[in-house]
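Everything numeric here is computed off the predicted structure, so don't read it as measured data. One-based numbering, in listed order, for ligands and for the atoms of each.
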Amino acid sequence: MTTKKLLILAGDGIGPEVMAQVRRVIDWMAKKRHITFDLTDGLIGGASYDKFGHPLTDATMQDAFAADAVLLGAVGGPKWDDLPFEVKPERGLLRLRKDLQLFANLRPAFVFDALAEASSLKTDLVKGLDIMIVRELTGGVYFGQPRGITTLENGERQGLNTQVYTTSEIVRIAEVAFDLAKKRGNKLHSVEKANVMESGLLWREEVTRLHAAKYPEVELQHMYADNCAMQLVRNPKQFDVIVTDNLFGDLLSDCAAMLTGSLGMLPSASLGAADAAGNRRAVYEPVHGSAPDIAGRDIANPLATLLSFGMMLRYSFDMAEDAALLDQAVKNVLDGGLRTGDIMQPGKAKVSTTVMGEAIVRELDKLAG
Ligand code: IPM
Ligand code: MG
């Protein structure tokens, strides 16, 4: 059995305390499933800034390149809000994505039956919901040049960002989305603003071309991003896989996440291109942020980070069976009535971060006999 190299970047806010629960599961796997991980810890975000004056150091970047996968907690918090743009905690995360060339961001939005009533939408609209948003992650307005704030000749200041996509960037993300759609419900919505943006028009043309050339069996629908936002809250179950650009993906994935009842439940994967051996660089992280308001109080929900670790098992390490075991443990613990504060419902038992983590391990013990 080969040992997998795992870099853990717990980050800021609730990051470290939810990551501590993942450690429990990693320890459990080493003991009970004989799967060992070679763990390295690193700093990112405000935690890295406080120690090194930068949100992601070259040395940590080296560790990321050397790892088989990276598991990230969360970055940011009010403490670092007034820092210059280049050293803000978020820049660390953006550098990690960009330098590792993680162009494909997979953001599943699914509803656990036990939590369907916690959605802000009516239960029947969301029960059984299972959407996969595929967000382009290394292009578009997040990284486009030119960018900056300048002073014009008339003394006015101007903020500038550039939305830009090339055909190869569009095709590689669309391929990831079509491939996923084939393994799921065989339905893909491609989302842009082709009615007002040239980059959106190119996106639509390239996706249409790729569909005809390589994926004619997948049902493809084009949709404007504003309409998609509306349709997500009107009738979310019409969607299976959604592919979209970096900025629209940022917005739509938050919207989809909220449909599920708790942001605290959702994992994500950010993947690079496959090498000759089929391995991809990858970072796994919860969709939620660092939640500084509740940090350090042992009340945060660790399940999104645990499920992100599950995605890692599935997508990076081909350990579908162990990932399914973890998914099942989460489901059973929720069915059993345990809830962290963010997903608390009447009649359920409110528990701490730690107790939730311990309950998952106990459930794994039961399931694995
Ligand atoms: C996300 C976040 C990030 C983004 C921030 C923290 C830079 O909102 O992962 O969705 O905008 O991509
Ligand atoms: Mg976001």
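Regarding atom 2 (C) of ligand 1, its nearest protein heavy-atom neighbour is D250 OD1, 4.0 Å. Closest to atom 5 (C) of ligand 1 among all protein heavy atoms lies E90 CG, 4.3 Å. Among all non-hydrogen protein atoms, the one lying nearest atom 11 (O) of ligand 1 is Y142 OH, 2.5 Å.
For the pair K214 and F178, the NZ or CZ position fails the cation-pi test of under 6.0 Å to the six-membered ring centre and within 45 degrees of the ring normal. Taking the ring axis of F317 as reference, the NZ or CZ atom of R33 does not stay both within 45° of it and closer than 6.0 Å to the ring centre.
The R107 neighbourhood of ligand 1 comprises atoms 1 (C), 9 (O), 10 (O), with distances under 4.0 Å to a heavy atom of that residue.
A continuous path of Ile, Leu, Val, Met, Phe, Trp and Tyr side chains, each step under 4.5 Å between heavy atoms, connects I343 with F112, placing both in one hydrophobic cluster.
Salt-bridge formation is detected for the pair K366/E363: a Lys NZ or Arg NE/NH1/NH2 atom is positioned less than 4.0 Å from an Asp or Glu carboxylate oxygen. D41 and R23 are joined by a salt bridge, as a carboxylate oxygen and a charged side-chain nitrogen come within less than 4.0 angstrom of each other.
Among H288, K88, E285, R97, the residue whose heavy atom lies closest to atom 9 (O) of ligand 1 is R97.
Its N, O or S atom nearest to the Mg ion (ligand 2) is what matters here, and for D250 that atom is OD1.
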